[in-house]
Amino acid sequence: MNAKARDLSSTIRLTIPGRQTAVRDGLRDLLDTLLLQSLPEDGRGTAEIVLAEALNNIVEHAYAHHDGEIEITLQLRQNELLCRISDTGLPMPDGKLPSGVLAPLGAFEDLPEGGFGWHLIRSLTKDLTYSRDNGRNLLSFRLDTQQSPA
Amino acid sequence: MELVAEQRGEMIVVTAFGDRIDAAGAIHFKDRMRELTQAPSLRVVLDMSRVAFLDSSGLGAVVAVMKALGPDRKLELSGLTATVQKVFRLTRMDSIFTIHDQLPDGLRQVG
């Protein structure tokens, strides 16, 4: 870890290297901040799921071919957590977020082993937006911290 | 992620001692589960009561383990914590696995 989550009361900023182990460490640092500790357990769990999926996606796809950093900003506003995540990796295919539609649960041997990530993100967030500007991907969304939508 | 297996009659009970099954640990989890379920058994029960977090890669690994066991050998899950349960529910994977609130009678470890 090269950066600890800065805990500025209602705003947290954290920059981590775009690697799987750094995502695990970064999530732990974020979850340990006073800001996320102050959320109800269900809200923290939701935040951990969504942040993990968004960060892992960047590591696996945006930084599939080169290294880079991921910047995370979390802001608590009333009963919402505003999240912004940016990276300098590859853009989303077609410049759009994946639909996150689950594969049908068919025969045993065909059960899906992936494709769950964007479904989880879409199920648990509000106002999910993606933009590409000046070589940067920016993903932003809101999380309900009091009552999770699912 | 430490996984410990115990043979109980026709069942192998695997206890997950790590607190997360995530992208960074999914491959190790799959490989270790494969080793631990080499011995024949009708059922395999994975005790997840200590696993606080599972992401989509971890879920994919659990599905892969179930598929690797084949259609005649079941993978059952036990003791899903709140966040893990949420991931299973949202992906509808809770409809695929047999999920126990706690280990079947007589299998619970003391302490």
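Every heavy atom of this structure was used, including side-chain atoms; hydrogens, water molecules and symmetry mates were not. Lettering follows sequence order; numbering is per chain, from 1. Owing to the predicted nature of the structure, the values given are computational and were not obtained by experimental measurement.
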Quiz prompt | Side chain / backbone / both / neither for A82(B) at chain A, heavy atoms under 4.5 Å | solution = neither
Quiz item: So which part of E60(A) gets closer than 4.5 Å to some heavy atom of chain B, the side chain, the backbone, both or neither?
Solution: side chain
Quiz prompt | Ion pair D55(B)/R20(B), N-O distance below 4.0 Å | solution = no
Quiz prompt | Most chain A-contacting option - heavy-atom pairs closer than 4.5 Å, from G25(B), A64(B), A61(B), S95(B) | solution = A64(B)
Practice problem: Would you mind checking if E35(B) and R32(B) are paired as a salt bridge, meaning a charged N to carboxylate O distance below 4.0 Å? | Solution: yes
Self-check item: Contact class of T81(B) relative to chain A, heavy atoms under 4.5 angstrom
Solution: neither
Quiz prompt | Salt-bridge present (R24(A), D22(B); N to O < 4.0 Å) | solution = yes
Practice problem: Measure N57(A) against the heavy atoms of chain B and call it side chain, backbone, both or neither at under 4.5 Å. | Solution: neither
Quiz item: Measuring from L139(A):CG to I70(A):CD1, what's the distance to the nearest 0.5 Å?
Solution: 11.0 Å
Practice problem: Check whether I49(A) gets within reach of chain B through its side chain, its backbone, both or neither, counting any heavy atom under 4.5 Å. | Solution: both
Quiz prompt | Which portion of A103(A) sits near chain B, non-hydrogen atoms under 4.5 angstrom | solution = backbone
Quiz prompt | Segment of E109(A) engaging chain B (4.5 angstrom heavy-atom cut-off) | solution = backbone
Quiz prompt | Donor-acceptor pair, side chain of K67(B) and main chain of L111(A), under 3.5 angstrom | solution = yes
Quiz item: Step by step, would you call L74(A) with R13(A) a side chain to side chain contact (heavy atoms under 4.5 Å, CB included)?
Solution: CA-CA 7 Å; L74(A) 307 180; R13(A) 285 196 184 82; over 6 Å; no
